[in-house]
Enquirer: 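My questions all concern the structure below.
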Amino acid sequence: MCEVEAVSKIAKCLQVPVGKVQLNDEQVVTRTLNNKSVAGFATILNTLAKESKSDIAKNSCQSREVEAQVYQWIEYAILYVGPGSKDRYCSQQLLRDFNKLFLSKSYLVGYSITLADLAVFYAIYDLVKSLSPIDKENYLNLSRWFDHLQQIPEIRQGSELLNFTTIYLHGWATGTHV
């Protein structure tokens, strides 16, 4: 998912006006609202959080430490997750790393959904969508986190609800057992 679309979805999720979101001449995502422009994905998300009264925005700004961690995850989503999810070898490593991370955590930062979770969710949506049922089972912790987020209508925003049930796996694997 491109940065422009992710900014629009995150703004809707945070219940703030999207404004005009586009890539500028230097191919940097820019948001213009009320004749004020903000450039850069992380900077835009920070601005959206400050404009929002949603729980996700509040969770993302609880303290300076939380803000710094959220910012780092957003930068990671832009610099590594988005581009890496398009490369077969990098994407496998990303999935393994996230699966390992979510072994002991429910969210990327703290104990609630933050902008970090949204940025990574939208960055890997197409990658997770492309996984086979067996792949989803191999990345069980990541699948749990992803499925939890996609169940929230404000996050999914009408996108296809991806199937993570093992019953689906049984239908997909047509072999017989003796």
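For this chain, numbers begin at 1 and follow the sequence in order. This is a predicted model, so every value here is computed, not measured.
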Enquirer: Would you compute the distance between atom CD of Q157 and atom OH of Y122 and round it to the nearest 0.5 angstrom?
Expert: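 So the gap between those two atoms works out to 4.5 Å.
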Enquirer: Applying side-chain contact (heavy atoms from CB on, under 4.5 Å), run through L162 and Y125 and close with a yes or a no.
Expert: CA-CA 10 Å; L162 305 183; Y125 182 86; 3.9 Å; yes
Enquirer: Taking side chain as C-beta onward, heavy atoms only, is I56 less than 4.5 Å from C13?
Expert: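 Answer yes - side chains close enough.
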Enquirer: Give, for atom OG of S104 and atom CG of N141, the distance between the pair rounded to the nearest 0.5 Å.
Expert: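 Spacing of OG (S104) from CG (N141) equals 8.5 Å.
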Enquirer: Which of these passes side-chain contact (heavy atoms from CB on, under 4.5 Å) with V38: I44, V7, T32, V29?
Expert: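 It is I44; the other options fail the test.
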Enquirer: For G82 and A123, work out which heavy atoms get closest and say how close.
Expert: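 Looks like N-CB, 4.2 Å.
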Enquirer: Applying a strict under-4.5 Å side-chain criterion to I, L, V, M, F, W and Y, I'd like to know whether L33 and L14 cluster together.
Expert: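 As far as the 4.5 Å side-chain criterion goes, L14 and L33 are not connected within one cluster.
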Enquirer: Evaluate Y139 against R96 for side-chain contact (heavy atoms from CB on, under 4.5 Å), listing each step before the verdict.
Expert: CA-CA 7 Å; Y139 303 116; R96 283 192 297 270; 3.9 Å; yes
Enquirer: Parallel under 30°, tilted from 30 to 60°, perpendicular over 60°: which one fits the rings of W73 and Y76?
Expert: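 Because their plane-to-plane angle is over 60°, the rings of W73 and Y76 count as perpendicular.
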Enquirer: After noting the C-alpha distance and the side-chain angles of E51 and R31, does the key distance pass the salt bridge (charged side-chain N to carboxylate O under 4.0 Å, His left out) rule?
Expert: CA-CA 13 Å; E51 294 173 9; R31 175 185 181 235; 2.9 Å; yes
Enquirer: Under a 4.5 Å cut-off applied to non-hydrogen side-chain atoms, are E65 and Q69 in contact?
Expert: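 They are in contact (side-chain heavy atoms under 4.5 Å apart), so the answer is yes.
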Enquirer: Between F102 and L108, is there a side-chain heavy-atom distance shorter than 4.5 Å?
Expert: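 With C-beta onward as the side chain, the pair touches.
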Enquirer: Is L94 reachable from L103 through a run of I, L, V, M, F, W or Y residues, each pair having side-chain heavy atoms under 4.5 Å apart?
Expert: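 No, no single cluster joins them.
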Enquirer: Any chance NZ of K105 has more than 12 other-residue heavy atoms, nucleotides or ligands included, within less than 6.0 Å?
Expert: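 Counting other residues, nucleotides and ligands, NZ of K105 exceeds 12 neighbours.
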Enquirer: Report yes if the side chains of D147 and Q150 come closer than 4.5 Å at any heavy-atom pair, otherwise no.
Expert: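 They are in side-chain contact.
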Enquirer: So with a 6.0 Å cut-off around CD of E26, is the heavy-atom count from everything else above 12?
Expert: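 No - once you tally the heavy atoms of other residues, nucleotides and ligands closer than 6.0 Å, there are 12 at most.
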Enquirer: Under the criterion side-chain contact (heavy atoms from CB on, under 4.5 Å), which of I78, T30, L79 is the partner of F41?
Expert: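 Among I78, T30, L79, the one that satisfies the side-chain contact (heavy atoms from CB on, under 4.5 Å) with F41 is I78.
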Enquirer: Closest heavy-atom contact between R156 and K9?
Expert: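 Between these two residues, the closest heavy atoms are O-NZ, 4.1 Å.
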Enquirer: Distance from F146 atom CZ to K129 atom NZ, nearest 0.5 Å?
Expert: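 One gets 10.0 Å once the value is rounded to the nearest 0.5 Å.
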Enquirer: With distance as the sole test, does S52 use its side chain to make a donor-acceptor pair with the main-chain N or O of V16 at under 3.5 Å?
Expert: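 No: the side chain of S52 does not pair with the backbone of V16.
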Enquirer: Tell me whether V28 shares a hydrophobic cluster with I74, the cluster being built from Ile, Leu, Val, Met, Phe, Trp, Tyr side chains joined at under 4.5 Å.
Expert: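 V28 and I74: separate clusters.
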Enquirer: Is any side-chain heavy atom of S106 closer than 4.5 Å to a side-chain heavy atom of R144?
Expert: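 They are in side-chain contact.
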Enquirer: Identify the two heavy atoms, one from V70 and one from A116, that lie closest to each other, and give their separation to 0.1 Å.
Expert: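 For V70 and A116, the tightest heavy-atom pair comes out as CG1-N, 3.8 Å.
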Enquirer: Could you report the tightest heavy-atom contact between N59 and S112, atom names first, then the distance?
Expert: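 For N59 versus S112, the nearest heavy atoms are ND2-CB, 3.1 Å.
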Enquirer: Of all the heavy-atom pairs spanning Y107 and H148, show the shortest one and how long it is.
Expert: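 Here Y107 and H148 meet closest at OH-NE2, 2.9 Å.
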Enquirer: Nearest 0.5 Å please: distance from the CG atom of L142 over to the CZ atom of F164.
Expert: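 Reported value, rounded in 0.5 Å steps: 7.5 Å.
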Enquirer: Please give me the minimum heavy-atom distance between C90 and G84, naming the atom from each residue.
Expert: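 It is CB-O, 3.5 Å.
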Enquirer: Which value, rounded to the nearest 0.5 Å, describes the distance between L127 atom CG and S130 atom OG?
Expert: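 Here the rounded value is 5.0 Å.
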Enquirer: Grouping I, L, V, M, F, W and Y whenever their side-chain heavy atoms are under 4.5 Å apart, do V66 and L45 come out in a common cluster?
Expert: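 Same hydrophobic cluster.
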Enquirer: Is there a chain of hydrophobic side chains (I, L, V, M, F, W, Y, each step under 4.5 Å between heavy atoms) that links I152 to V109?
Expert: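 Linked within one cluster.
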Enquirer: Are the side chains of I155 and I113 in contact, using a 4.5 Å heavy-atom criterion?
Expert: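 Yes - at least one pair of side-chain heavy atoms lies under 4.5 Å apart.
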Enquirer: How long is the straight-line distance from CG of L161 back to CG of N163, given to the nearest 0.5 Å?
Expert: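 One gets 8.0 Å once the value is rounded to the nearest 0.5 Å.
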Enquirer: Please work out which of the three classes, parallel, tilted or perpendicular, describes the rings of W145 and F121, given edges at 30° and 60°.
Expert: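 Rings of F121 and W145: perpendicular, over 60°.
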